[in-house]
Chemist: 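There's a structure below that I have some questions on.
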Amino acid sequence: MAQQGKQFGPEYVRAISPYIAGKPISEVAREFGLDEAAIVKLASNENPLGMPESARAAMAAAVAELGRYPDANGFELKAALSARYDVPADWLTLGNGSNDILELAAHALVKPGESIIYAQYSFAVYALATQEVGARAIEVPARDYGHDLDAMAAAIAADTRLIFIANPNNPTGTFLPAADIEAFLAKVPSDVVVVLDEAYNEYLDPELQYESVNWVRKYPNLMVSRTFSKAYGLAGLRVGYAVAQPELTDLLNRIRQPFNVNSLAQAAAVAALADREFLSRSATLNREGKAQLVAAFQRLGLQYVPSYGNFVLVRVGDDNDAGARVNLALLKQGVIVRPVGNYGLPQWLRVTIGLPEENAAFIAALEKALG
């Protein structure tokens with residue numbers, strides 16, 4: 001007979017609360033007896049335009065080779081990224097989404113008991129990656145719902161090995177100007193790696209955009225993480241990448257799974273990277289949709305955090321049940337958004353910017369939920 005009560009694995013793994021993704025449309029339809037076609041999903045920061053046709057065509061052409069393993073080194077995709085950013089191919093690491101990159105960095109660089117720094121209200125995967133490796137978390141209090149870089153620099157300890165910074169930040173949408181980031185990088189000791197997570201970089205207005213890859217040339221301890229899941233519309237294919245000097249990418253490539261980005265994903269990413277027209281349409285739609293949501297929040301007298309991503313964080317009440325209560329009322333109307341109580345923001349909801357008609361459906365449902 002099997003022994004009862006034996007606990008497997010280290011305590012720091014057992015203490016992890018698994019990542020909870022946004023509810024899929026099919027689940028909401030089953031749970032509330034709704035028609036899937038009528039449900040609006042604004043929960044997971046997906047591109048409402050979906051996949052670009054260029055990527056769809058590239059995937060169709062790649063189907064014939066699915067009986068073979070993917071290119072483990074991602075030669076074509078790395079070549080395209082290398083040309084785009086003017087860096088050698090060995091400065092690149094491909095990931096199964098940028099989540100993969102974030103976790104690879106923690107596993108490659110941090111030993112149990114050493115510390116990782118990240119900001120309050122920053123991406124949940126930073127805390128998860130810290131717990132996965134048994135590291136000590138240093139969560140620095142937010143400033144105006146975003147990163148306090150001075151406080152983060154002051155929090156660096158003798159055992160700090162890694163710092164996560166999201167710009168723009170998820171789930172709050174805040175933004176750090178380029179000059180602030182570069183000043184921070186200059187303060188960080190050379191043996192502490194900074195991961196600059198730029199999953200929403202492509203949504204920045206042109207006057208705010210900067211090229212962080214230029215900093216990679218100057219700072220060997222900087223790793224820039226980006227993704228094809230958001231503005232490029234490839235969320236279901238899971239393609240991310242890191243740009244860093246070879247001393248860092250070599251470590252990531254030693255521990256990543258050999259075929260972590262599949263053949264269809266690689267082909268689609270190459271095509272999407274070249275599709276500037278789709279990227280421009282995505283940014284324009286996002287800018288217009290953001291204005292649509294913000295106008296509604298202002299009319300309803302709701303507090304919101306000015307956002308630089310493809311979502312807006314909005315406060316829907318004052319009590320600690322407000323987010324959950326309004327979220328449930330929205331779900332019953334077939335509108336899926338993201339409650340963020342797990343981030344310590346129980347009065348707030350994160351709303352992905354959708355198509356104009358999706359935004360309008362959310363606004364109408366929100367008015368009813370608040371009424």
Side-chain angles (χ1 to χ4, degrees), residues 45-49 81 84-87 98 118-119 121-123 126 142-153 163-188 194-219 222-233 240-243 272-273 275-295 297-298 303-314 350-354 359:
N45 300 345
E46 296 149 338
N47 190 326
L49 294 175
L81 291 167
R84 168 64 60 87
Y85 296 115
D86 190 26
V87 295
S98 57
Y118 51 85
Y121 310 141
S122 60
F123 189 31
Y126 307 155
R143 182 171 63 188
D144 297 327
Y145 298 98
H147 294 65
D148 184 339
L149 291 181
D150 289 338
M152 292 180 76
I163 302 173
F164 286 116
I165 295 175
N167 201 41
N169 183 50
N170 173 32
T172 63
T174 54
F175 173 70
L176 296 163
D180 293 0
I181 296 175
E182 187 159 22
F184 174 79
L185 293 172
K187 297 178 185 176
V188 176
V194 177
V195 175
L196 183 57
D197 179 3
E198 297 185 330
Y200 301 92
N201 171 271
E202 292 83 4
Y203 286 114
L204 292 172
D205 289 338
E207 66 272 16
L208 296 177
Q209 291 190 3
Y210 56 88
E211 190 44 80
S212 54
V213 173
N214 292 333
W215 297 332
V216 174
R217 297 184 178 91
K218 183 176 180 181
Y219 297 100
L222 174 63
M223 181 185 303
V224 173
S225 169
R226 290 186 178 172
T227 184
F228 285 90
S229 294
K230 311 302 180 187
Y232 289 101
Y241 59 97
V243 186
L273 187 66
D275 197 337
R276 299 296 185 99
E277 190 273 335
F278 179 84
L279 200 62
S280 177
R281 274 199 299 137
S282 297
T284 299
L285 181 74
N286 190 69
R287 188 162 50 249
E288 294 170 350
K290 189 187 302 180
Q292 185 182 3
L293 292 185
V294 165
F297 298 152
Q298 290 173 340
Q303 181 186 356
Y304 64 92
V305 178
S307 175
Y308 296 83
N310 68 335
F311 54 88
V312 184
L313 187 71
V314 59
R350 190 193 68 190
V351 186
T352 302
I353 297 162
N359 299 332

Chemist: Could you tell me whether the side chains of Ser282 and Glu202 share a donor-acceptor contact shorter than 3.5 Å?
Modeler: no
Chemist: Tell me, do Leu204 and Pro168 make a side-chain contact under 4.5 Å, heavy atoms counted?
Modeler: yes
Chemist: Quick one: are Val216 and Val87 in side-chain contact, heavy atoms under 4.5 Å?
Modeler: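 A side-chain contact is absent here, since even the closest heavy-atom pair is not under 4.5 Å.
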Chemist: For Tyr308, give me all partners under ring-ring contact (aromatic ring centres under 6.0 Å, His included), at least two apart in sequence or on another chain.
Modeler: Phe175
Chemist: Quick one: salt bridge (Lys or Arg N to Asp or Glu O under 4.0 Å) pairs with a partner in residues 203-217, sequence neighbours left out?
Modeler: Asp205-Arg287, Glu211-Arg226
Chemist: So Pro48 and Leu285, do their side chains get closer than 4.5 Å, heavy atoms only?
Modeler: yes
Chemist: For Phe297, which residues count as a ring-ring contact (aromatic ring centres under 6.0 Å, His included) partner, sequence neighbours excluded?
Modeler: none
Chemist: Taking ring-ring contact (aromatic ring centres under 6.0 Å, His included) as the definition, give me every residue that meets it alongside Tyr241, ordered by chain and number, with sequence neighbours left out.
Modeler: Phe228
Chemist: With a 4.5 Å cut-off on side-chain heavy atoms, are Tyr232 and Leu273 touching?
Modeler: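 Side chain of Leu273 against side chain of Tyr232, heavy atoms only: contact under 4.5 Å found.
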Chemist: Under the side chain to side chain donor-acceptor pair (under 3.5 Å) rule, collect the residues that match up with Arg281, sequence neighbours excluded.
Modeler: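 Applying side chain to side chain donor-acceptor pair (under 3.5 Å) to Arg281 gives Glu277.
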Chemist: Mind checking whether Tyr118 and Phe123 have ring centres under 6.0 Å apart?
Modeler: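 No, ring centres 6.0 Å or more apart.
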Chemist: Just do the side-chain contact (heavy atoms from CB on, under 4.5 Å) check on Ile163 and Phe184 with the steps written out, would you?
Modeler: CA-CA 11 Å; Ile163 302 173; Phe184 174 79; 3.9 Å; yes
Chemist: For Asp86, enumerate each residue passing the side chain to side chain donor-acceptor pair (under 3.5 Å) test, keeping only those at least two apart in sequence or located in another chain.
Modeler: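 Residues passing side chain to side chain donor-acceptor pair (under 3.5 Å) with Asp86: none at all.
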Chemist: Mind checking what makes side chain to side chain contact (heavy atoms under 4.5 Å, CB included) contact with Ala119, not counting sequence neighbours?
Modeler: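 Counting only residues at least two positions away or on another chain, Ala119 forms a side chain to side chain contact (heavy atoms under 4.5 Å, CB included) with Ser122, His147, Met152.
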Chemist: In Å and rounded to the nearest 0.5 Å, what is the CG to CG distance from Leu176 to Leu149?
Modeler: 5.0 Å
Chemist: Testing the basics here: between Ala231 and Leu279, what is the closest heavy-atom pair and its distance to 0.1 Å?
Modeler: CB-CD1, 3.7 Å
Chemist: side-chain contact (heavy atoms from CB on, under 4.5 Å), that's the test. Do Leu49 and Phe278 meet it? Break it down for me.
Modeler: CA-CA 9 Å; Leu49 294 175; Phe278 179 84; 3.9 Å; yes
Chemist: Can you pull out every salt bridge (Lys or Arg N to Asp or Glu O under 4.0 Å) where at least one residue sits in residues 171-182? Sequence neighbours excluded, please.
Modeler: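 Residue pairs with at least one partner in residues 171-182: Glu182-Lys218.
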Chemist: Among all residues two or more places apart in sequence or in another chain, which pass the side chain to side chain contact (heavy atoms under 4.5 Å, CB included) test with Ala178?
Modeler: Tyr210, Trp215
Chemist: Applying the side-chain contact (heavy atoms from CB on, under 4.5 Å) test to Asn359, which of Thr352, Ile353, Val351 qualifies?
Modeler: Ile353
Chemist: Nearest 0.5 Å, please: how far is CZ in Arg350 from CZ in Phe311?
Modeler: 6.5 Å
Chemist: Test of understanding: with side chain to side chain donor-acceptor pair (under 3.5 Å), list the residues that count as partners of Thr227, not counting sequence neighbours.
Modeler: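 Partners of Thr227 by the side chain to side chain donor-acceptor pair (under 3.5 Å) criterion, ordered by chain and then number, come out as Ser229.
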Chemist: For Gln303, what residues pass the side chain to side chain contact (heavy atoms under 4.5 Å, CB included) criterion, not counting sequence neighbours?
Modeler: Tyr145, Arg315, Trp348
Chemist: Supply the atom-to-atom distance Leu185 CG to Ile165 CD1, rounded to the nearest 0.5 angstrom.
Modeler: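 Atom-to-atom, Leu185:CG and Ile165:CD1 are 6.5 Å apart.
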Chemist: Tyr203 pairs by side-chain contact (heavy atoms from CB on, under 4.5 Å) with which of Lys230, Lys290, Gln209?
Modeler: Lys230
Chemist: Mind checking side chain to side chain contact (heavy atoms under 4.5 Å, CB included) for Ala142 and listing every partner two or more places apart, or none if nothing turns up?
Modeler: Gln120, Tyr121
Chemist: With respect to Tyr200, which candidate in Asn169, Asn310, Asn167, Asn286 satisfies the side-chain contact (heavy atoms from CB on, under 4.5 Å) definition?
Modeler: Asn310
